[in-house]
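Keep in mind it's a predicted model, so treat the numbers as computed, not measured. To find a chain, count down the sequence lines: A is the first, B the second, and so on, and within it residues start at 1.
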Amino acid sequence: SAVISQKPSRDICQRGTSLTIQCQVDSQVTMMFWYRQQPGQSLTLIATANQGSEATYESGFVIDKFPISRPNLTFSTLTVSNMSPEDSSIYLCSVEAVPGAETQYFGPGTRLLVL
Amino acid sequence: AQKVTQAQTEISVVEKEDVTLDCVYETRDTTYYLFWYKQPPSGELVFLIRRNSFDEQNEISGRYSWNFQKSTSSFNFTITASQVVDSAVYFCALSEARTGANSKLTFGKGITLSVRP
(Lines give C-alpha, C1' and ligand atoms only; values in the text may rest on other atoms or scores of the structure.)
Protein backbone atom coordinates (compact mmCIF):
# COMPACT_ATOMS: atom_id res chain seq x y z
CA SER A 1 0.00 0.00 0.00
CA ALA A 2 0.99 3.66 0.23
CA VAL A 3 0.59 6.43 2.76
CA ILE A 4 -1.20 9.36 1.22
CA SER A 5 -1.83 12.75 2.74
CA GLN A 6 -3.97 15.62 1.51
CA LYS A 7 -4.03 19.28 2.36
CA PRO A 8 -6.23 20.94 3.36
CA SER A 9 -8.39 18.37 5.08
CA ARG A 10 -11.36 20.70 4.82
CA ASP A 11 -12.12 24.24 3.78
CA ILE A 12 -14.98 26.68 3.46
CA CYS A 13 -14.68 28.97 0.45
CA GLN A 14 -16.60 31.79 -1.15
CA ARG A 15 -18.05 31.39 -4.59
CA GLY A 16 -15.87 32.69 -7.39
CA THR A 17 -12.63 31.85 -5.62
CA SER A 18 -10.23 28.97 -6.29
CA LEU A 19 -8.77 26.32 -4.02
CA THR A 20 -5.72 24.18 -4.61
CA ILE A 21 -5.65 20.75 -2.99
CA GLN A 22 -2.36 18.98 -2.46
CA CYS A 23 -1.74 15.25 -2.50
CA GLN A 24 1.50 13.77 -1.18
CA VAL A 25 2.54 10.11 -1.33
CA ASP A 26 5.27 8.46 0.72
CA SER A 27 6.67 6.58 -2.28
CA GLN A 28 7.14 7.19 -5.98
CA VAL A 29 4.09 6.22 -8.01
CA THR A 30 3.40 6.48 -11.70
CA MET A 31 -0.33 6.96 -11.60
CA MET A 32 -2.28 9.38 -9.46
CA PHE A 33 -5.99 9.97 -9.73
CA TRP A 34 -8.39 12.66 -8.58
CA TYR A 35 -11.98 11.86 -7.65
CA ARG A 36 -14.98 13.91 -6.62
CA GLN A 37 -17.61 12.67 -4.21
CA GLN A 38 -20.64 14.93 -4.07
CA PRO A 39 -22.75 14.81 -0.89
CA GLY A 40 -24.33 11.42 -0.42
CA GLN A 41 -23.04 10.22 -3.78
CA SER A 42 -20.50 7.80 -5.13
CA LEU A 43 -17.05 8.65 -6.39
CA THR A 44 -16.52 10.03 -9.86
CA LEU A 45 -13.12 10.13 -11.53
CA ILE A 46 -12.11 13.66 -12.50
CA ALA A 47 -8.76 12.94 -14.13
CA THR A 48 -5.66 10.82 -14.18
CA ALA A 49 -2.39 12.61 -13.50
CA ASN A 50 0.78 10.99 -14.80
CA GLN A 51 4.14 12.57 -14.19
CA GLY A 52 5.63 14.24 -17.22
CA SER A 53 2.45 14.43 -19.25
CA GLU A 54 -0.80 16.34 -19.35
CA ALA A 55 -3.57 15.07 -17.14
CA THR A 56 -6.27 13.00 -18.81
CA TYR A 57 -9.74 14.28 -17.99
CA GLU A 58 -12.94 12.27 -17.90
CA SER A 59 -16.06 13.30 -19.71
CA GLY A 60 -17.69 16.25 -18.01
CA PHE A 61 -14.50 17.61 -16.48
CA VAL A 62 -12.30 20.23 -18.14
CA ILE A 63 -8.84 21.56 -17.49
CA ASP A 64 -9.97 25.17 -17.11
CA LYS A 65 -12.18 24.21 -14.18
CA PHE A 66 -9.92 21.57 -12.62
CA PRO A 67 -6.28 22.24 -13.52
CA ILE A 68 -3.93 19.56 -12.28
CA SER A 69 -0.20 19.57 -11.72
CA ARG A 70 2.07 16.57 -11.34
CA PRO A 71 5.61 17.91 -10.88
CA ASN A 72 7.13 14.67 -9.60
CA LEU A 73 6.37 11.06 -8.72
CA THR A 74 5.20 11.78 -5.16
CA PHE A 75 3.08 14.91 -5.47
CA SER A 76 0.09 16.32 -7.31
CA THR A 77 -2.28 19.24 -6.97
CA LEU A 78 -5.86 19.75 -8.05
CA THR A 79 -7.28 23.25 -8.29
CA VAL A 80 -11.01 23.85 -8.18
CA SER A 81 -11.43 27.12 -10.06
CA ASN A 82 -14.13 29.77 -9.95
CA MET A 83 -16.05 27.77 -7.39
CA SER A 84 -19.80 27.59 -7.03
CA PRO A 85 -21.89 25.85 -4.36
CA GLU A 86 -22.22 22.88 -6.74
CA ASP A 87 -18.51 22.24 -6.23
CA SER A 88 -19.11 21.40 -2.57
CA SER A 89 -17.80 17.85 -2.36
CA ILE A 90 -15.13 15.62 -0.97
CA TYR A 91 -12.12 15.54 -3.28
CA LEU A 92 -9.94 12.47 -3.02
CA CYS A 93 -6.66 11.58 -4.59
CA SER A 94 -5.60 8.01 -5.11
CA VAL A 95 -2.54 6.17 -6.34
CA GLU A 96 -1.80 2.87 -7.95
CA ALA A 97 1.02 1.92 -5.62
CA VAL A 98 2.17 -1.05 -7.66
CA PRO A 99 2.17 -0.47 -11.44
CA GLY A 100 -0.23 -2.83 -13.13
CA ALA A 101 -1.72 -4.04 -9.88
CA GLU A 102 -4.93 -2.12 -10.59
CA THR A 103 -5.46 -1.48 -6.89
CA GLN A 104 -5.89 2.16 -5.95
CA TYR A 105 -5.21 3.48 -2.46
CA PHE A 106 -6.91 6.65 -1.39
CA GLY A 107 -5.96 9.70 0.58
CA PRO A 108 -8.12 10.98 3.45
CA GLY A 109 -9.96 13.43 1.23
CA THR A 110 -10.54 17.18 1.29
CA ARG A 111 -14.01 18.30 2.34
CA LEU A 112 -14.90 21.47 0.48
CA LEU A 113 -17.90 23.67 1.22
CA VAL A 114 -18.59 26.57 -1.12
CA LEU A 115 -20.88 29.32 0.12
CA ALA B 1 -19.22 0.46 -20.79
CA GLN B 2 -18.71 -0.88 -17.34
CA LYS B 3 -21.29 -0.53 -14.60
CA VAL B 4 -21.59 -1.47 -10.95
CA THR B 5 -24.95 -1.81 -9.23
CA GLN B 6 -25.41 -1.86 -5.50
CA ALA B 7 -29.16 -2.18 -5.20
CA GLN B 8 -29.21 -1.91 -1.41
CA THR B 9 -28.84 1.68 -0.27
CA GLU B 10 -29.11 1.39 3.49
CA ILE B 11 -28.92 -1.60 5.80
CA SER B 12 -29.40 -1.55 9.54
CA VAL B 13 -28.55 -4.53 11.75
CA VAL B 14 -28.05 -5.24 15.39
CA GLU B 15 -24.58 -6.07 16.58
CA LYS B 16 -23.53 -9.71 16.10
CA GLU B 17 -25.90 -10.22 13.19
CA ASP B 18 -24.47 -11.36 9.87
CA VAL B 19 -25.01 -9.05 6.92
CA THR B 20 -24.45 -9.45 3.18
CA LEU B 21 -23.81 -6.53 0.87
CA ASP B 22 -24.68 -7.21 -2.75
CA CYS B 23 -22.78 -6.10 -5.83
CA VAL B 24 -23.63 -6.80 -9.46
CA TYR B 25 -21.40 -5.65 -12.28
CA GLU B 26 -21.46 -5.32 -16.07
CA THR B 27 -18.47 -5.41 -18.36
CA ARG B 28 -17.65 -6.55 -21.85
CA ASP B 29 -14.06 -7.39 -20.97
CA THR B 30 -12.91 -10.88 -20.09
CA THR B 31 -10.16 -9.49 -17.86
CA TYR B 32 -11.23 -7.20 -15.08
CA TYR B 33 -10.86 -6.55 -11.37
CA LEU B 34 -13.40 -6.15 -8.63
CA PHE B 35 -12.91 -4.27 -5.39
CA TRP B 36 -14.59 -3.46 -2.13
CA TYR B 37 -13.82 -0.28 -0.23
CA LYS B 38 -15.02 0.91 3.16
CA GLN B 39 -15.68 4.58 3.88
CA PRO B 40 -16.13 5.25 7.60
CA PRO B 41 -17.59 8.56 8.79
CA SER B 42 -14.11 10.09 8.71
CA GLY B 43 -14.35 9.97 4.92
CA GLU B 44 -11.21 8.06 4.03
CA LEU B 45 -11.64 5.19 1.58
CA VAL B 46 -10.15 1.98 2.94
CA PHE B 47 -9.23 -0.79 0.52
CA LEU B 48 -10.64 -4.16 1.58
CA ILE B 49 -10.13 -6.61 -1.28
CA ARG B 50 -9.27 -7.02 -4.94
CA ARG B 51 -10.39 -9.95 -7.06
CA ASN B 52 -9.42 -10.60 -10.67
CA SER B 53 -11.80 -12.12 -13.15
CA PHE B 54 -9.89 -15.38 -13.39
CA ASP B 55 -10.03 -16.16 -9.71
CA GLU B 56 -13.46 -17.25 -8.56
CA GLN B 57 -12.33 -18.65 -5.27
CA ASN B 58 -14.17 -17.23 -2.33
CA GLU B 59 -12.07 -15.40 0.19
CA ILE B 60 -12.30 -15.10 3.93
CA SER B 61 -10.46 -12.59 6.07
CA GLY B 62 -11.46 -12.71 9.69
CA ARG B 63 -15.13 -11.73 9.90
CA TYR B 64 -15.18 -10.69 6.25
CA SER B 65 -15.88 -12.99 3.33
CA TRP B 66 -16.44 -12.44 -0.35
CA ASN B 67 -18.38 -14.52 -2.85
CA PHE B 68 -17.48 -14.00 -6.51
CA GLN B 69 -19.75 -15.64 -9.09
CA LYS B 70 -19.06 -14.89 -12.74
CA SER B 71 -22.20 -16.74 -13.81
CA THR B 72 -24.34 -14.10 -12.12
CA SER B 73 -21.82 -11.23 -12.40
CA SER B 74 -21.91 -10.76 -8.66
CA PHE B 75 -19.30 -10.05 -6.02
CA ASN B 76 -21.04 -10.09 -2.66
CA PHE B 77 -19.53 -9.19 0.68
CA THR B 78 -20.56 -10.77 3.98
CA ILE B 79 -19.71 -9.50 7.43
CA THR B 80 -20.12 -12.13 10.11
CA ALA B 81 -20.96 -11.16 13.68
CA SER B 82 -21.14 -7.47 12.80
CA GLN B 83 -19.76 -4.85 15.16
CA VAL B 84 -20.52 -1.17 15.66
CA VAL B 85 -17.14 -0.34 14.09
CA ASP B 86 -18.38 -1.89 10.86
CA SER B 87 -20.76 1.05 10.44
CA ALA B 88 -19.69 2.76 7.23
CA VAL B 89 -20.48 3.18 3.57
CA TYR B 90 -19.26 0.24 1.49
CA PHE B 91 -18.43 0.65 -2.17
CA CYS B 92 -18.03 -2.04 -4.77
CA ALA B 93 -15.88 -1.05 -7.75
CA LEU B 94 -14.81 -2.45 -11.10
CA SER B 95 -11.68 -1.89 -13.13
CA GLU B 96 -11.19 -3.11 -16.65
CA ALA B 97 -7.61 -4.10 -17.39
CA ARG B 98 -6.58 -1.92 -20.30
CA THR B 99 -3.19 -2.73 -21.74
CA GLY B 100 -1.10 0.38 -22.27
CA ALA B 101 -3.78 2.62 -20.80
CA ASN B 102 -4.65 3.88 -17.37
CA SER B 103 -6.85 1.75 -15.16
CA LYS B 104 -10.19 3.33 -14.35
CA LEU B 105 -12.31 2.49 -11.34
CA THR B 106 -16.05 2.57 -11.70
CA PHE B 107 -17.83 2.69 -8.36
CA GLY B 108 -21.27 1.60 -7.33
CA LYS B 109 -23.43 4.05 -5.39
CA GLY B 110 -22.47 2.56 -2.07
CA ILE B 111 -24.36 0.87 0.76
CA THR B 112 -24.69 2.58 4.11
CA LEU B 113 -24.40 0.00 6.84
CA SER B 114 -25.47 0.89 10.36
CA VAL B 115 -24.71 -1.55 13.14
CA ARG B 116 -26.65 -0.83 16.32
CA PRO B 117 -25.38 -1.96 19.71
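Residue B/S42 touches chain A through its backbone alone, counting heavy-atom pairs closer than 4.5 Å. Contacts of B/Q6 with chain A are absent, with no heavy-atom separation under 4.5 Å from either backbone or side chain. The contact between A/Q37 and chain B is made entirely by side chain atoms (from C-beta outward), counting heavy-atom distances below 4.5 Å. For A/L43, the parts sitting under 4.5 Å from any heavy atom of chain B are the backbone and the side chain alike.
Aromatic ring centres of B/Y32 and B/Y25: separated by under 6.0 Å.
Remark: the backbone N or O of B/I79 is not paired with any side-chain donor or acceptor of B/S82 at under 3.5 angstrom.
Within residues 109-117 of chain B, the residues having any heavy atom closer than 4.5 Å to a heavy atom of chain A are B/K109, listed by residue number.
With respect to A/Y35, the ring-ring contact (aromatic ring centres under 6.0 Å, His included) criterion is satisfied by exactly one of A/Y91, A/F61, A/F106: A/F106.
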Legend entry - Verdict with supporting geometry, B/Y90 and B/F77, ring-ring contact (aromatic ring centres under 6.0 Å, His included): CA-CA 9 Å; B/Y90 290 86; B/F77 174 27; 5.6 Å; yes
Inset, instruction - Any chance you could lay out the ring-ring contact (aromatic ring centres under 6.0 Å, His included) test for B/F47 and A/Y105, step after step, and finish with the verdict? - result: CA-CA 7 Å; B/F47 166 75; A/Y105 295 91; 5.4 Å; yes
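Between A/S88 atom OG and A/R111 atom CZ the span is 12.5 Å, to the nearest 0.5 Å.
Residues A/S18 and A/S81 come closest through the heavy atom pair OG-CA, 3.3 Å.
One finds a salt bridge joining B/D86 and B/R63 here, because a Lys/Arg side-chain nitrogen approaches an Asp/Glu carboxylate oxygen to under 4.0 Å.
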